[in-house]
Amino acid sequence: LEALEKSGSAGNTLVLFSSDNGFAPYSGAKELEAHGHYPSGPLRGYKADVWEGGHRIPFIVRWPGVVKAGAVSGQLVHHADLMATLAEIVEHSLPDNAGEDSFSFVPLLKGVDKPVRQHAISHASSGIPSLRLGAWKFIAGAAGGGYDDKGKSKSPSSAAATQLYNLADDLGETKNLVDEKPDLAAEMTALMDKLVTEGRSTPGAPQANDVPVKWRRFMDRAKP
């Protein structure tokens, strides 16, 4: 920021500050927590987990004249959205087969408080997938699927199970509602199938996936 000020470019430069993932559990998480510091705050899990502690990260923007200083948005965005966002800013039209999962969040930068995306997919390092749909989060597996405190990948649970949380009421993902909301779990399962089959989450022509996507494999692990 100091360099931008000195160059005279600060007034017309968009600055984005973020992280690639949550806190790494092998970087002293247990020691920090023993001293009363919780790197994931109220979130469950750490880097590589499918839980919020693995993926919910800081995202700070400075854009003088566009982004209001001190403004906060509670809307859902993904790093994938940077492609469509920057394309809109520079007035570039992406081809239909590019940015298939990228939604522009330019309206959010301008202060509009409406969702730019309704759903989002994230994965644990082991491959366990999750799907956000508004405040709801569906996890197609029985665990977090990330690293242990030595940096090794955890073995996924052998149980065939799923998880469903309402992040608006339960940000720490403590109460699995999948048995209480079977219809919603089925709806989100069908939506995941649709997104995978179409090879995209944005409107447009279906696209081929780069590799076969067997996203149900952790749900079916215990089945014969």
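The shown structure was predicted, so the numbers you read here are calculated from the model rather than taken from an experiment.
- If you run side-chain contact (heavy atoms from CB on, under 4.5 Å) between Val61 and each of Val66, Leu14, Leu108, only Leu14 comes through.
- The two residues Asp170 and Lys175 make their nearest non-hydrogen contact at OD2-N, 2.8 Å.
- Across His78 and Ile121, no two heavy atoms sit closer than the pair CE1-O, 3.0 Å.
- The line from CG of Asn166 to NZ of Lys181 is 8.0 Å long, rounded to the nearest 0.5 Å.
- For Trp63 and Asn12, the side-chain atoms include no donor-acceptor pair closer than 3.5 Å.
- Both Leu184 and Leu195 belong to a single network of hydrophobic side chains, linked directly or stepwise wherever heavy atoms of I, L, V, M, F, W or Y lie under 4.5 Å apart.
- For the pair Trp215 and Thr189, the minimum side-chain heavy-atom distance is below 4.5 Å.
- A distance-only check finds a donor-acceptor pair linking the side chain of Thr202 to the backbone of Glu100 [under 3.5 Å].
- Within the 4.5 Å cutoff, no side-chain heavy atoms of Leu131 are placed close to those of Ile139.
- Between atom OG1 of residue Thr162 and atom CZ of residue Arg216 there is a gap of 10.5 Å, rounded to the nearest 0.5 Å.
- Within the 3.5 Å criterion, the main-chain N or O of Ala48 finds no donor-acceptor partner in the side chain of His123.
- Side-chain contact check for Tyr26 versus Lys47: some heavy-atom pair is nearer than 4.5 Å.
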Item to complete: Carefully, step by step, assess Trp51 and Arg56 under the rule side-chain contact (heavy atoms from CB on, under 4.5 Å).
Response: CA-CA 9 Å; Trp51 293 314; Arg56 185 180 289 241; over 6 Å; no
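- Between Phe59 and Phe105, the ring centre distance stays below 6.0 Å.
- In terms of the salt bridge (Lys or Arg N to Asp or Glu O under 4.0 Å) criterion, residue partners of Glu5 (sequence neighbours excluded) are, by chain and number, Arg62.
- Judged by distance alone, the side chain of His35 and the main-chain N or O of Glu31 form a donor-acceptor pair under 3.5 Å.
- To the nearest 0.5 Å, atom CG of residue Asn209 and atom OG1 of residue Thr197 are 8.0 Å apart.
- The two atoms that bring Pro39 and Leu32 nearest to each other are CG-CD1, 3.8 Å, heavy atoms only.
- Both Phe138 and Val213 sit in one connected hydrophobic cluster of ILVMFWY residues. Membership requires side-chain heavy atoms under 4.5 Å apart, directly or through other members.
- Remark: side-chain polar atoms of Arg117 are not paired, donor with acceptor, to backbone N or O of Val77 under 3.5 angstrom.
- Counting only distance, with no hydrogens or angles, the side chain of Arg217 and the backbone of Lys214 share a donor-acceptor pair below 3.5 Å.
- Connection of Leu82 to Leu94 is not established within any shared hydrophobic cluster, with ILVMFWY side chains joined at heavy-atom distances below 4.5 Å, either directly or through further cluster members.
- With sequence neighbours left out, the side chain to side chain donor-acceptor pair (under 3.5 Å) criterion links Lys194 to Glu198.
- Salt bridge Lys137/Glu173: present, at least one basic N to carboxylate O contact under 4.0 Å.
- Side chains of His119 and Ser201: no donor on one and acceptor on the other come within 3.5 Å.
- The heavy-atom pair separating Phe218 from Pro129 by the smallest distance is CD1-CD, 4.1 Å.
- Leu164 places a side-chain heavy atom less than 4.5 Å from the side chain of Met188.
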**Request:** Please lay out, stage by stage, how Gln207 and Asp96 fare under the test side-chain contact (heavy atoms from CB on, under 4.5 Å).
**Result:** CA-CA 9 Å; Gln207 299 294 315; Asp96 191 50; 3.8 Å; yes
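- A single hydrophobic cluster is seen to contain both Val67 and Ile89, as judged by linkage of ILVMFWY side chains at heavy-atom distances under 4.5 Å, directly or through other members.
- Taking each heavy atom of Ala120 and Leu76 in turn, the nearest pair found is CB-CD2, 3.8 Å.
- Chaining together hydrophobic side chains whose heavy atoms lie under 4.5 Å apart places Leu171 alongside Leu43.
- A distance of 8.0 Å separates CD in Glu52 from OG in Ser122, rounded to the nearest 0.5 Å.
- At distances below 3.5 Å, at least one donor-acceptor pair connects side-chain atoms of Asn176 with backbone N or O atoms of Val178.
- Between atom CD of residue Gln118 and atom CZ of residue Phe103 there is a gap of 8.5 Å, rounded to the nearest 0.5 Å.
- Rounding to the nearest 0.5 Å places CD1 of Ile57 at 7.0 Å from CG of Asp20.
- A heavy-atom distance below 4.5 Å is not found between the side chains of Gln75 and Val116.
- Minimum heavy-atom separation, Gly28 to Phe23: C-CE2, 4.5 Å.
- No side-chain donor from either of Asp81 and Ser102 sits under 3.5 Å from a side-chain acceptor of the other.
- Looking only at distances, no side-chain donor or acceptor of Ser9 sits under 3.5 Å from a matching main-chain atom of Leu4.
- Counting heavy atoms from C-beta on, the side chains of His55 and Asn21 never come closer than 4.5 Å.
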